[in-house]
Structure formats: C-alpha cells, structure tokens
There are 4 protein chains.
Amino acid sequence: MKKREVQASVKDERLVLKRRNQMIKGAVTLFKEKGFHRTTTREIARASGFSIGTLYEYIRTKEDVLYLVCDSIYDEVRDQLQQSFDPNQGTLESLRLVIDYYFKVMDELQDEVLVMYQEAKSLSKDALPYVLKKELEMVGMFEDTIRRCVENGELDLTEKQVKIIAHDIFVQGQMWAFRRWVLQKLYTLDEYIELQTDLLLEGIKGSGSK
Amino acid sequence: MKKREVQASVKDERLVLKRRNQMIKGAVTLFKEKGFHRTTTREIARASGFSIGTLYEYIRTKEDVLYLVCDSIYDEVRDQLQQSFDPNQGTLESLRLVIDYYFKVMDELQDEVLVMYQEAKSLSKDALPYVLKKELEMVGMFEDTIRRCVENGELDLTEKQVKIIAHDIFVQGQMWAFRRWVLQKLYTLDEYIELQTDLLLEGIKGSGSK
Amino acid sequence: MKKREVQASVKDERLVLKRRNQMIKGAVTLFKEKGFHRTTTREIARASGFSIGTLYEYIRTKEDVLYLVCDSIYDEVRDQLQQSFDPNQGTLESLRLVIDYYFKVMDELQDEVLVMYQEAKSLSKDALPYVLKKELEMVGMFEDTIRRCVENGELDLTEKQVKIIAHDIFVQGQMWAFRRWVLQKLYTLDEYIELQTDLLLEGIKGSGSK
Amino acid sequence: MKKREVQASVKDERLVLKRRNQMIKGAVTLFKEKGFHRTTTREIARASGFSIGTLYEYIRTKEDVLYLVCDSIYDEVRDQLQQSFDPNQGTLESLRLVIDYYFKVMDELQDEVLVMYQEAKSLSKDALPYVLKKELEMVGMFEDTIRRCVENGELDLTEKQVKIIAHDIFVQGQMWAFRRWVLQKLYTLDEYIELQTDLLLEGIKGSGSK
DNA sequence: AATGAATGAGCCTTCATTCAT
DNA sequence: CATGAATGAAGGCTCATTCAT
C-alpha cells in the first residue's frame, strides 16, 4: 500500500511541500485547541499564513488536511524512533533502551500524539487504512526487537506473547500523552518510564513459556 | 462533586427520565455510526421517537445529549463492574476474577466504550471534569482491589505501583474495544484475557518493592 | 412518466404548495432579470418572502427551484391552452382559432416562456426529460387538432406533414416571445398572427399529398 | 455599428488572432458540453493550449470569450452562406436552393448553432446588440433573396410578408439544431428540408396579395 | 509574451435552536 | 407537553481575476 496521494493544483512540487508543511504546522496547533471538527478551513488557512483560496490550491477537501496531519505525525514519530531501533542488539538491555527512548519521544510529541489519537477516527473509510497501517508498522518495530531477544535466547516467548507485549508497550507510550491529565500529576516522566518498564520486564521474564 | 444537572423545561421528573432514556438509546446508536459531530439533533430526535421540539424540552444544547450519553455509559459500565468488586477478598485470585470480569464487560459494551472514548473529548471544558471523575472512580476500584492484596500481605507494592497497575488494567480493558480492528483479529477474548492477566500478575509479583 | 417529485422537509402539504408558489413567483421575476445562474439562492429566498433556511425546507438544491419554475410555467401554458382545444371541431376554422389563441397565450406569458426556454437547458440530465415530455404533449395537442381536420376530409396530409406543421406552429408561437426584440418592432400581435396563419394555412392547403 | 473590440494586452496582432482562434475552438467544445456558466476560465485556457495567465493576455473578462465565440460562429455561418446567395437569380428555384443550402449548413454546424442559441443571452447588455445585429444581417440575406423574386414578378408579396417569411426560414433552420432531440428522430435532414420547403413555398405562392 | 501561484468575494447548503400554535 | 415551521449564522468550497517572476 503506497502513500495516499493528496491532489494539489499547484505544480511546483517543492512549493507544495513547503506550503503543506506550513499547513500541517498551523493545523496541528488548531486541532490541539479545538479538535478537527471545530476548526474551520478559514482558520487553517490563516494559521498557515495564506488565504483560503491558496489553501485549496494544495488540498481538495478539509479531510485532506486531517490526513496530511496524521500522516505527518506518524512519519515524525517513526523517524524519531528509527534511530533507537537500528543499533538494537537483541538483549534485554537494548529492549529497555528502546522503550525508554520511545516513551521520551511520546513525551516530546505529546500534543501531536493526542491530536492523532483523538482525530484519526474522523478520517473517511478511504483514508483510515493508510494511517492504521502506519500504526501497525510501529508496533511491528517493537515486535522485532522482542523477537530478536527470543532468537538470542534472552527470552522465551510464544509469538502471541511477543505480539501482545509489543501492543502493550505501544499503548503505554500513547497513554502517557492521552491520559496526561492524570498520569502527569502522579508521576514524573522518569518515574513513569521506570515503573512501566520494571513491571513489563518482570512480567515478561515471569511469562516464559517454559 | 455532584452529578452535573442538565436542565429540562418539563417538570414531571418521571417523564424526564423516560424521555432521556429514549434519547440516550437513540443517540448511542447514531454516535456509533457517525460520531457526535456528524449526527444532527433532528436525527437524534427521530431516533428517540419524538420531534425536534420535544427533544429540546429535555435538554438545552446538543452537547447535553453527549454528556447524558457519556454519563449513562459510565454508569452502566460501573454498575456492571460493581457486582464483581463487592465479594472481593483481597486475594490474588479475586484480583484475577475482577480483571476477567472487567474485560468481559468491556467486550460486551465495546460499542458504547468506543463512543465514549472517541466523543468525550467533544465535551466542553464545563462537562468534561464530571466524566473524568467517573473514570477516576473506576480506576479507583481497581486500586482498592490491589491495595487490599497489599494489606493482606499477598503483594508487596508501593502506592505508586498500585496506581500504575490500576491504570494499566483499566487501559488494557479499553484497548480491547479501542484497538479491536487489530486485537480481535489476533486473539479471542479468552486468549487476550489470559495473556494480559498472566503478564500482569507475573509483573506484579516480580515487582515487589523489597 | 409521473411528475418528478421535489422533496420537502415540511410535512404540511398545503403549506408546501403555498410556499412553493411564493417561491416560483419570486424566482420567475429574478430569472427574467438575471437568469438562473446569476440569481443566488438568497435572492430567491428574499424575493419569496422568507429566509434562506426556510427556502431549503421546501427544496433540496437550487436546481429544484429551476425545475419547479419550468414545471409550473408549462402547466400554466397548457392549462390556458386546454380550453381552446376542447371545443375543437376538426375544421380549418377551429384550427385557426386554436392557433390564434395559442399565440395570444404566448404573448401574455412571454416573460415566462422566455425564462423557460432560456433556462431549461440548465436542468440536470435528471430533470430535463420531464420538461421535454411536457413540451411534446403540447406539440401533440396541435397534432391532434390537425389530424382531426385530416380525418374530417378538410385536409389531405401525411402523418409526417401533420407533425412538422404542429412543430412549426409551436415554434412560431415561442418565436413571438423569443425573438420579440425584432418581431415586436415589426408587427403588432394581430398582424403577426394573421401573417403567420395565412402563410401556414395556404401552405397546408397547397401541400395536399394528392 | 462596427465590430465590438475586445481588448488584448498583447500587441502583435497576428498573434492575437492566432491565440483567439485557439481560444474559440477550445471554448466552443466546452460550451457544447457544459454551457458557458459551468465552464471555468481555467478549463478554457487548458482547452486552448495555454495557461490561465496567457488567456487573460488576450481578453479582459470571461464574457469576452463568450462574445468572441458567438461572433466567430456568426461569421462562420455567414461566410458559408454567402456563396449560395451570390449567384442567386431572383427565381423561385434559386430561393429553393438558398434554403436547401442554409439548412445543410445548419446541420453541419448544429453544435455551434446550439451554443450560440443557448448562450448568447448570457452576453451583457453591452455586447448583445453586436450579436443581434449579425443575426439581422443574416435574416436580411433571406429577405433580399425573396425581394428579388418579388421584383422579378415571380412572387407577389407585401414587404411585411417578405420579412416574416425570411424570419420563418431563419428560425426553421435553427430549429433543426435546437430541437434536434425530437426532429432528428422523426426526419432525415433531406425529409425535413423537403417538408419545410414545400410547405413554405406553397404558403408563399398561396399568399399573393392579389 | 507566458506562466501559474495567490487572492478573497461570494456561492450553496446545513443545522442548532426558537417559538407560536 | 408536543409539534414542526422558521430562522440565519456559519461552514466548505469555487473561480474569475491579478501580478510577480
């Protein structure tokens, strides 16, 4: 599945990229504040620094903006994560580092994550799969890391266990952003990371299929 | 914090209750399908079995409907859960039962849960706290159960650990509904419960504060 | 082919009729002045004596107004004609009377006729056939009148001749409205009628298929 | 009345002519399909083979395009007719030939005729007279032909009769195009020509002012 | 002379809410 | 209490036209 194309009337691809970045930046700010539905296209245009007419030279419908925003956030998250996955050695220690890094990225991008988490469901049947696929790819990155530990003999897990653990990690990262109204009152980021990681790794170690 | 009052023009309280139940039922069906924003008040009235004029005899704004819906879903979830918490003995086994029961309730009410978590964010600054408070109450029920195990000496956990575990359980239950597009393809409900519970309990046991 | 239904949100049929008549009256005035495309829905609403919101309680799209207008004009023209056709005896004299009457109706309704012929082409593929069918019905009324003369032995014409003559009459009537910018400078209505009728009847008489 | 000037920014007259021809060709195609109002200037530019910016180097407003199109169609029709009028001898036979030729031209150019007939009315008060004048010139060509027959003693008609007959011929030619949805189902072009010509000539002959 | 990105007035349509009956 | 017709602010989107390059 390739990236879904959002049609632009403007030909100059470099310009399209530039304008879309302005657009995404403006839109994210607004979506954070008021959500997708309560944000008007005019507001998006203004926040992006151009007129409503110009906005529509770069998209076809308001939903395109949402798609572009979600797509861009996923890309940003994944790009940031990538670097921590590469040097991964298939040891418990490297798994720990990966989680640590992931949680910190989620903390940094918590506004973006929140937007995506709350607004993605407003995407049409048409666009949603492209975004969900990206989500699965990220979960897959955690699976691979865990699986490598299994291959190395550091862990003893069934495939189903590997998958559920990857999901749990992924969701706990998001949790820090979308339940921040309570979690960030109870814990510092470091505390949260330590508590969750300890709990998880003890759980994993105790769950060997024996 | 008392329940937020939604003003009705109609005096007969029995009638108000009856009409609101019709309303909530109709609205949930619609919100499931198209979300809060895409549902019109006319549609809600029709689905509730009365006219738009009548609808507005029992609420003040469209958002009131959303509040009523969220509030009612929370009540339903909590009521269902309550029974499993009452006989709780403060043993690991009863914790296991509580989790098992909770996940099954989430499975049964997954549509409602979905609606609530996707749409609650559309509540105004005014109404949101009432809903969040209900959520915290539910998390609190898990905390109590765990805490009783600690008091009984079955577990050895700090207060912060107790709290994070309660949140994890709570979120993993939601996840089953929220991420059903992927989880329910990978696991049956029973598998999911078993995997998550094992992982969690192993984690808990391994995390004694020592 | 039944009349094409234009959906209204309002239930009270009597009211729908009343409002639509207001609407048609207002719209015709505007269409006369500026044509369909240059007239806005707000202008139509205002000219009809109600708000834009109310307008849309009685139609679905702007094009519905056009259809309603065209449909109503056809009905008016046909209703007016009907009376002159009924007592028709199948004589040349009664044919003369029918033509005379038709031209006079076209003169009276020339604004409406103009609107209809200039704007009908803006109807969608969907609505056009309903209007064209009405036109054919009117042409058919002339055909019947001529055919009766043939049956009576007053005229000797092939079916193809009957049809072309009916069309010619029909179009010459429209012409009086359509080309009024020139014809009405050259002739009075009575002159026009006499000239055209004489020419036509001589042509018919001379065209006997022998 | 001279030809209405449409201002161009470009000086090179040869180029102006060339570009305008491209433009007219493109526009006619589009107007045929969707009418003047539903066609955008961008579409016209694209269909003409140049950019929107270039389009506006050769016209001032969208309406200019319509004027140019109408003007050009009239010129084309008139140019084609011209040749059949020149050798006209003032006999009934040559009148017959002129009509025959005219109807055939109308058949060939029926798309263009339709466009003109349906869209000319969208011209502004300013431009319309120039187009109507051309129409009158064409009617005048028929008048001349008939008048010559009168002068030759072949026909005995008043001036008013001459004029109405010229109009009838003119309109019957257009009729073949603008009522093609019905006429071209009933008749071949040759049948149509024969029926109309016979009817008309019999009418003319029978209408001698005696 | 040609290009095409930018503009913003203005269009059609929706829908939450009111209020007379 | 119930009804549903009326309202108009507001929203998404288009497109004729301009102007810097």
Side-chain angles (χ1 to χ4, degrees), chain A residues 8-12 15-16 18-19 37-46 49-65, chain B residues 8-12 15-16 19 37-46 50-65, chain C residues 8-12 15-16 18-19 37-45 49-65, chain D residues 8-12 15-16 19 37-46 49-65:
Chain A
S9 306
V10 171
K11 306 282 171 76
D12 183 341
L15 190 56
V16 171
K18 180 183 156 195
R19 291 278 180 260
H37 280 107
R38 294 198 211 281
T39 302
T40 68
T41 51
R42 277 170 162 82
E43 287 171 324
I44 296 171
R46 197 177 325 127
F50 34 74
S51 72
I52 181 67
T54 301
L55 179 69
Y56 275 87
E57 292 283 313
Y58 296 92
I59 53 161
R60 274 254 227 277
T61 67
K62 187 185 174 192
E63 211 216 87
D64 281 347
V65 180
Chain B
S9 310
V10 171
K11 309 284 167 170
D12 181 342
L15 192 55
V16 171
R19 291 275 182 262
H37 279 107
R38 296 197 210 280
T39 302
T40 69
T41 51
R42 276 168 153 89
E43 287 171 324
I44 295 171
R46 196 180 323 128
F50 35 75
S51 72
I52 182 69
T54 302
L55 179 71
Y56 273 85
E57 294 288 313
Y58 296 92
I59 54 161
R60 275 256 225 276
T61 68
K62 186 186 173 190
E63 210 215 89
D64 281 348
V65 180
Chain C
S9 307
V10 170
K11 305 281 170 78
D12 183 342
L15 191 56
V16 171
K18 181 184 153 194
R19 291 275 181 264
H37 280 107
R38 296 199 209 278
T39 302
T40 69
T41 51
R42 275 173 161 81
E43 286 170 324
I44 296 171
F50 33 74
S51 71
I52 182 68
T54 301
L55 179 69
Y56 274 88
E57 292 284 311
Y58 295 92
I59 52 159
R60 275 251 227 278
T61 66
K62 187 186 175 191
E63 209 216 88
D64 280 348
V65 181
Chain D
S9 308
V10 171
K11 309 285 169 170
D12 181 342
L15 191 54
V16 171
R19 290 277 181 259
H37 280 107
R38 294 198 211 281
T39 302
T40 68
T41 50
R42 275 168 153 90
E43 288 171 322
I44 296 171
R46 199 180 321 127
F50 36 73
S51 73
I52 182 67
T54 302
L55 180 69
Y56 273 85
E57 294 287 315
Y58 296 92
I59 54 160
R60 275 260 225 272
T61 68
K62 187 186 173 189
E63 211 215 89
D64 282 347
V65 180

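Just so you know, these numbers come straight off a predicted model, no measurement behind them.
Atom pair C:Lys18:NZ and F:dA5:C1' shows a separation of 11 Å (rounding to whole Å applied). If you measure from atom OH of A:Tyr56 to atom P of F:dG12, you get 6 Å, rounded to the nearest angstrom. Counting to the nearest Å, the C1' atom of F:dC15 and the CG atom of A:Leu55 are 15 Å from each other. The interatomic distance linking B:Ile59 (CD1) with F:dC1 (P) rounds to 16 Å, in whole Å. For B:Lys11 and F:dA2, the NZ to C1' distance is 16 Å, given to the nearest whole Å. Going from atom CD1 of A:Ile52 over to atom P of E:dT7 covers 11 Å, rounded to whole Å. If you measure from atom CZ of B:Arg38 to atom P of E:dT13, you get 20 Å, rounded to the nearest angstrom.
Using a 4.0 Å cut-off, no side-chain N or O of B:Tyr58 falls inside it from OP1 or OP2 of F:dC1. Side-chain nitrogen and oxygen atoms of D:Ser51 include at least one within less than 4.0 Å of the OP1 or OP2 phosphate oxygen of E:dT3. Between C:Lys62 and E:dC12 there is a side-chain N or O to OP1 or OP2 distance below 4.0 Å. At least one side-chain nitrogen or oxygen of C:Thr41 sits closer than 4.0 Å to the OP1 or OP2 atom of E:dC12. Look at A:Arg19 and you'll find a side-chain N or O under 4.0 angstrom from OP1 or OP2 of E:dA6.
E:dT21: Watson-Crick or G-U partner is F:dA2, with both key distances under 3.5 Å. In this structure, E:dG10 and F:dC13 make a Watson-Crick or G-U wobble pair, each of the two defining distances being under 3.5 angstrom. Base pairing analysis places E:dC15 opposite F:dG8; the two distances defining the Watson-Crick or G-U wobble pair are each below 3.5 Å.
With hydrogens and angles left out, the side chain of A:Arg42 and the base of F:dG12 share a donor-acceptor pair within 3.5 Å.
Taking only side-chain atoms of C:Asp12, from C-beta outward, the nucleotide of F:dT14, E:dA6, F:dA5 with the closest atom is F:dA5.
Residue-to-nucleotide proximity on DNA chain F shows that, of A:Glu63 and B:Glu57, the 5′-proximal contact is made by B:Glu57. Nearest-nucleotide mapping onto DNA chain F: of A:Thr61 and B:Thr54, the residue sitting toward the 5' end is B:Thr54.
Aromatic ring pairs are classed by plane angle as parallel below 30°, tilted from 30° to 60° and perpendicular above 60°; the pair B:Tyr58 and B:Phe50 is tilted.
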